[in-house]
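Source: prediction; values computed, not measured.
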Amino acid sequence: FRTWAEEHFPECEAVGDELKVNSIFTHDDGRHLWCNPSKNAYHCWKSDAHGNLFDLVSQKTGCSYFEAVSLLANDNSLRTL
């Protein structure tokens, strides 16, 4: 997921287990969308949107949930979830 996030969110910042990026759910320039690959979860602290990372990839790219699973299939931590 981290590789995908760094490609799609140029402002991506890694902090511990989480990646902080600008939200796709609201105007944001303060990295309020936090993604946690080890928990397969995201949360936008500005809009309160939340869900799993496959849903986030689907929403960001416009692909289906199953296409998002395929996109992230090389990520071992997400494959085990």
Side-chain angles (χ1 to χ4, degrees):
F1 176 79
R2 183 177 181 154
T3 301
W4 179 88
E6 288 172 343
E7 291 173 0
H8 290 84
F9 296 99
E11 75 290 344
C12 187
E13 175 186 358
V15 178
D17 289 344
E18 296 183 328
L19 300 173
K20 298 179 182 182
V21 299
N22 289 342
S23 180
I24 63 171
F25 303 104
T26 185
H27 175 73
D28 183 22
D29 56 7
R31 296 184 185 107
H32 289 97
L33 179 60
W34 294 13
C35 306
N36 189 321
S38 64
K39 295 181 179 178
N40 186 24
Y42 73 86
H43 186 259
C44 175
W45 296 98
K46 204 167 183 184
S47 70
D48 201 34
H50 57 278
N52 69 57
L53 296 179
F54 302 117
D55 289 330
L56 178 64
V57 171
S58 295
Q59 292 180 42
K60 174 72 174 166
T61 64
C63 70
S64 73
Y65 180 88
F66 295 106
E67 289 170 322
V69 170
S70 180
L71 281 172
L72 300 180
N74 292 330
D75 188 327
N76 290 331
S77 64
L78 289 180
R79 191 177 325 142
T80 59
L81 290 174

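Residue Cys35 holds its SG atom at 12.5 Å from CG of Asp17, rounded to the nearest 0.5 Å. Annotation: the span from Glu13 atom CD to Trp34 atom CH2 amounts to 9.5 Å, rounded to 0.5 Å. In this structure, CG in Asp28 is found 12.0 Å from NZ in Lys20, a value given to the nearest 0.5 Å. Here the CZ-OG distance, from Phe54 to Ser70, works out to 10.5 Å after rounding to the nearest 0.5 Å.
Ala5 pairs by the side-chain contact (heavy atoms from CB on, under 4.5 Å) definition with Phe1, Phe9, Cys12, Leu19, not counting sequence neighbours.
For the pair Asp48/His43, a side-chain contact is recorded, criterion being any heavy-atom separation below 4.5 Å from C-beta on. Counting heavy atoms from C-beta outward, Tyr65 and Asn52 have side chains that approach closer than 4.5 Å. Taking 4.5 Å as the limit, some side-chain heavy atom of Thr61 sits within range of a side-chain heavy atom of Trp4.
No more than 12 heavy atoms of other residues, nucleotides or ligands shown are found within 6.0 angstrom of NE2 on His50.
Val15 and Val21 are members of different hydrophobic clusters when ILVMFWY side chains are connected at heavy-atom separations under 4.5 Å. Using a 4.5 Å cut-off between side-chain heavy atoms of Ile, Leu, Val, Met, Phe, Trp and Tyr, with links allowed through other members, Trp45 and Ile24 fall into different hydrophobic clusters.
Proximity of a side-chain donor or acceptor of Asn40 to a complementary backbone N or O of Leu53 within less than 3.5 Å is detected. At least one donor-acceptor pair closer than 3.5 Å links the side chain of Asn22 to the backbone N or O of Arg31. Judged by distance alone, the side chain of Lys46 and the main-chain N or O of Phe25 form no donor-acceptor pair under 3.5 Å.
Across Leu33 and Leu56, no two heavy atoms sit closer than the pair CD2-CD1, 4.0 Å.
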